[in-house]
Amino acid sequence: MRHSNTRLEHTSPEGRGVQAFAPGRVNLIGEHTDYNDGLCLPFAVERGVTVTAEPAPGTTIEAHAEDLGERDSFELGAESGAGDGWRLFVRGAAAELRREGIELRACRLTISGDIPRGAGLSSSAALCVALCLALCEIAESRPPKRVPLARLCSRVENDWTGAQTGLLDPLASLCGERGRAVRIDMRGPQLRPVPLDLRGHQLAVLDSGASHDLSADSGYNERREECRAACRALGIESLRDATSGESLPEPLNRRVRHVISENERVDATVAALEQGDLAEVGDLLDASHHSLRDDYEVSVPEVEGAVETCRQAGALGARIMGGGFGGSVLALFPPEAQLPPGAVSVEPGPAARLL
Ligand code: GLA
């Protein structure tokens, strides 16, 4: 990401406005590995969230979620205490930036997006990243670098919305590159771009229609707790260090098996892409899906239906994507295939940026 001085010319009497865009993401493979210090292979997509900030007098931040027709306003320094849904991201982003010592200024925020919410494309990380970039730019402050900024966004989700999500989504939004996925080793984290040469094949997402929920009382947080329990039982810090979970009771043994095998599938996918073996990539997507369905148990009937629809349409592989319990399915189609109705083709796009 580049810190640019480009500003939107704007008519506001208090000065000029700025605009930031952050993309959503697709995770090619490596699911439920990020919070286990593991591997994943996401890419930023073209769609995302745009936040416009205009300077305002006083000490109030006013926010308007255009697509929802909803508003919020709060005093800088008094972010907590109220709000739900998208408001928590605005308040949390402002509070966490201020905690980093960034002096924010009063402004009017307008939020809009072209990414479906709750479809597993990480609209919430896109929202958080775009908010942070816009809030810093309007305050003429340099935003944190991308890894600390991803951690900050993760804290906003964890501490403000109660979803214990990891670094995958904000990092993918901040590190996107046209034509490339990024292999992320969450130990570090270490990032390595991986060219996504699909030789005419298409990746597409199909919304299962079941909106996923990663909030405090969701199955997502339950899986995280199971991973912590498995670590305690194995006497290790993180499941990245696990070599086998077979000694553990049900279902922890299967949770560990998923994490170990999914990490292996990430590197197998990188190798298959390097060799141009798209059939193998398809098989790995299928294997990931089976593991997420049977061992990690994050699928639901609507998702199984969407996977089946993709297979019927000739997909070489299809799998549940993101946190699970709903959301979108990702599928790889051969060049001649016709995408099933509702499927949207996805390609790697650039990272979050000021417009
Ligand atoms: C959600 C979370 C991520 C990651 C995925 C599962 O998208 O936000 O941090 O855990 O689920 O891979």
Side-chain angles (χ1 to χ4, degrees), residues 22-45 48-49 88-89 92 115-129 147 149-175 181-186 189 205 207-208 210-216 218-228 238-240 255 258-263 265-266 269 284-285 288-289 291-293 295-300 303 319-330 346:
R25 64 97 189 93
V26 155
N27 190 18
L28 184 51
I29 200 157
E31 222 64 270
H32 291 275
T33 47
D34 65 340
Y35 53 82
N36 288 306
D37 270 355
L39 307 177
C40 36
L41 191 61
F43 59 86
V45 294
V49 173
L88 290 174
F89 286 92
I115 191 163
R117 286 181 296 276
L121 296 176
S122 199
S123 53
S124 47
L127 169 62
C128 200
V129 170
V147 172
L149 182 53
R151 288 196 202 285
L152 186 149
C153 289
S154 182
R155 282 204 300 282
V156 171
E157 283 223 54
N158 297 175
D159 301 346
W160 289 75
T161 78
Q164 295 174 32
T165 53
L167 284 185
L168 165 65
D169 307 340
L171 264 186
S173 182
L174 284 158
C175 300
V182 55
R183 176 191 183 274
I184 306 179
D185 180 343
M186 290 292 167
V205 290
D207 193 345
S208 71
S211 181
H212 78 157
D213 170 23
L214 305 181
S215 65
S218 65
Y220 181 89
N221 282 1
E222 187 183 280
R223 292 294 172 278
R224 287 207 65 160
E225 181 45 40
E226 288 170 343
C227 290
R228 283 192 288 266
S238 137
L239 286 188
R240 180 64 178 276
R255 306 297 189 248
H258 167 72
V259 173
I260 294 174
S261 63
E262 188 75 352
N263 281 333
R265 280 186 288 272
V266 170
T269 304
L284 287 160
L285 293 181
S288 173
H289 183 71
S291 181
L292 287 159
R293 183 191 62 198
D295 282 348
Y296 220 66
E297 292 181 287
V298 292
S299 190
V300 293
V303 165
R319 68 172 196 84
I320 187 168
M321 191 181 65
F325 304 100
S328 290
V329 156
L330 173 71
V346 282

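For ligands, and for the atoms within them, numbers begin at 1 and follow the listed sequence. Because the structure is a prediction, the values reported are computed rather than measured.
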Can you sort out the partners of S154 under side chain to side chain donor-acceptor pair (under 3.5 Å), two or more places apart, ordered by chain and number?
-> none

What is the distance from atom CG of N263 to atom CD1 of I29, rounded to the nearest 0.5 Å?
-> 10.5 Å

Against heavy atoms of G166, which atoms of ligand 1 measure under 4.0 Å?
-> 9 (O)

Y35 heavy atoms, cut-off 4.0 Å: which ligand 1 atoms fall inside?
-> 10 (O)

Contacts of type ring pair (Phe, Tyr, Trp, His ring centres under 6.0 Å), residue H289, not counting sequence neighbours | none

Numbering the atoms of ligand 1 from 1, which are under 4.0 Å from a heavy atom of D34?
-> 3 (C), 4 (C), 9 (O), 10 (O)

Less than 3.5 Å between some nitrogen or oxygen of L168 and one of ligand 1, yes or no?
-> no

Do we see a donor-acceptor contact under 3.5 Å between the side chains of T269 and R265?
-> no

Contact (N/O only, under 3.5 Å) between N27 and ligand 1 | no

Can you find an N or O of D169 that's nearer than 3.5 Å to an N or O of ligand 1?
-> yes

May I ask you to identify, for R25, whether its side chain, its backbone, both or neither come under 4.0 Å of ligand 1 on a heavy-atom basis?
-> side chain

Which distance, rounded to the nearest 0.5 Å, do you find between the OG of S291 and the CZ of R255?
-> 10.5 Å

Do any nitrogen or oxygen atoms of E31 come within less than 3.5 Å of a nitrogen or oxygen of ligand 1?
-> yes

Quick one: does G322 get within less than 4.0 Å of ligand 1, heavy atoms only?
-> yes

What is the ring orientation for Y296 with H258, classed by angle as parallel under 30°, tilted 30 to 60°, or perpendicular over 60°?
-> tilted

Just distances here: any N/O of G323 and N/O of ligand 1 closer than 3.5 Å?
-> yes

Taken to the nearest 0.5 Å, the spacing of L239 CG from T33 OG1 works out to 11.0 Å

